[in-house]
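See below for the structure under consideration.
Read the numbers this way: they start at 1 and go in the same order the structure lists the ligands and their atoms. Owing to the predicted nature of the structure, the values given are computational and were not obtained by experimental measurement. Nothing fancy with the numbering, it's 1 onward along the sequence.
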Amino acid sequence: MTDHAAHFVPLAHQRLSEEMSLQRGAEFAAHMQQRRTTRHFSSDAVPRQCIEHAIRAAGTSPSGAHQQPWTFVAVSDAALKHRMREAAEAEEREFYAHRITPEWRAALAPLGTDDVKTHLTDAPWVVVLFRQSYGLEPDGGKRTFYYTQESCGIAAGFFIAAVHHMGLVTLTHTPSPMGFLGELLERPANEKAFLVMPVGYPAVNAQVPDLSRKSLEEIAVWR
Ligand code: IYR
């Protein structure tokens, strides 16, 4: 056997009754239906262990060639969050004033987004998911990574579900461009900021846009 040959071990799996699968599926879907994205965070503290749990859950995500091309930078330092907010707002002012297209502005109108990013300083944690666009060998050599966008997208989904499961809220924030995050958080050149996720409790008077979700019939096709 060479170093690279596949090595398999038995799958640890307990088969559920059909009834139990149905019950758990219904419960999980209903639980996820309760998840909302809010822009209004409480500044109440959240234990670091909650963030550790969410990152651990995200780290179970499948990834291209199991290369796990993600780094989660969890920021609680107030001064650093402040600098992230300043930099994000500078980019967003430019975006909302000049870069946004009329069509894009219309699409965002129901969400009430703007260039003011209070969540970046209100939330006790701001987690930045960095995508490793390639790997770095111990000798500094580059290793090709595969499907890093898909892998990080799935990991972000797991993270968001874990946050919701803990009774906390998050907002998927995509400042554009995000280059400033790599500089501020001193990440290596192979890591690109992928998604910013403030995590905390919702503010007491938190609001959400009055949205509905597409029904199963609208999103599923059976053949
Ligand atoms: N990046 C901007 C704009 C923005 C774009 C989309 I698409 C959104 O769903 C929300 C916001 C911002 O963060 O405000």
Name every donor-acceptor pair, under 3.5 Å, that has one atom in a side chain of residues 188-199 and the other anywhere in the protein, sequence neighbours excluded.
unit_1: Asn190; atom_1: ND2; unit_2: Tyr134; atom_2: O; d: 3.0
unit_1: Glu191; atom_1: OE1; unit_2: Arg187; atom_2: NE; d: 2.7
unit_1: Glu191; atom_1: OE1; unit_2: Arg187; atom_2: NH2; d: 3.2
unit_1: Glu191; atom_1: OE2; unit_2: Thr71; atom_2: OG1; d: 2.9
unit_1: Glu191; atom_1: OE2; unit_2: Arg187; atom_2: NH2; d: 3.2
unit_1: Lys192; atom_1: NZ; unit_2: Ala189; atom_2: O; d: 2.8

Might you work through the side chain to side chain donor-acceptor pair (under 3.5 Å) test for Glu19 and Gln23, ending with a clear yes or no?
CA-CA 6 Å; Glu19 187 189 18; Gln23 186 188 324; over 6 Å; no
Heavy atoms of Leu171 and Thr38 approach each other most closely as CB-O, 3.7 Å
Tabulated below should be the N or O atoms of ligand 1 paired with protein N or O atoms at under 3.5 Å; can you produce that?
unit_1: ligand 1; atom_1: 1 (N); unit_2: Glu92; atom_2: OE2; d: 3.3
unit_1: ligand 1; atom_1: 1 (N); unit_2: Thr174; atom_2: O; d: 2.8
unit_1: ligand 1; atom_1: 13 (O); unit_2: Glu92; atom_2: OE2; d: 3.4
unit_1: ligand 1; atom_1: 13 (O); unit_2: Lys117; atom_2: NZ; d: 3.3
unit_1: ligand 1; atom_1: 13 (O); unit_2: His173; atom_2: ND1; d: 3.1
unit_1: ligand 1; atom_1: 14 (O); unit_2: Tyr96; atom_2: OH; d: 2.5
unit_1: ligand 1; atom_1: 14 (O); unit_2: Lys117; atom_2: NZ; d: 2.5

Under 3.5 Å, is there a donor-acceptor pair between the Gln68 and His66 side chains?
yes
Check: residues 114-125 side-chain donor-acceptor pairs under 3.5 Å, at least two apart:
unit_1: Asp114; atom_1: OD1; unit_2: Val116; atom_2: N; d: 2.9
unit_1: Lys117; atom_1: NZ; unit_2: Asp114; atom_2: O; d: 2.8
unit_1: Thr121; atom_1: OG1; unit_2: Arg85; atom_2: NH1; d: 2.9
unit_1: Thr121; atom_1: OG1; unit_2: Thr118; atom_2: O; d: 3.2
unit_1: Trp125; atom_1: NE1; unit_2: Val46; atom_2: O; d: 2.8

Output all residues satisfying side chain to side chain contact (heavy atoms under 4.5 Å, CB included) with Leu22, sequence neighbours left out; order by chain, then residue number.
none
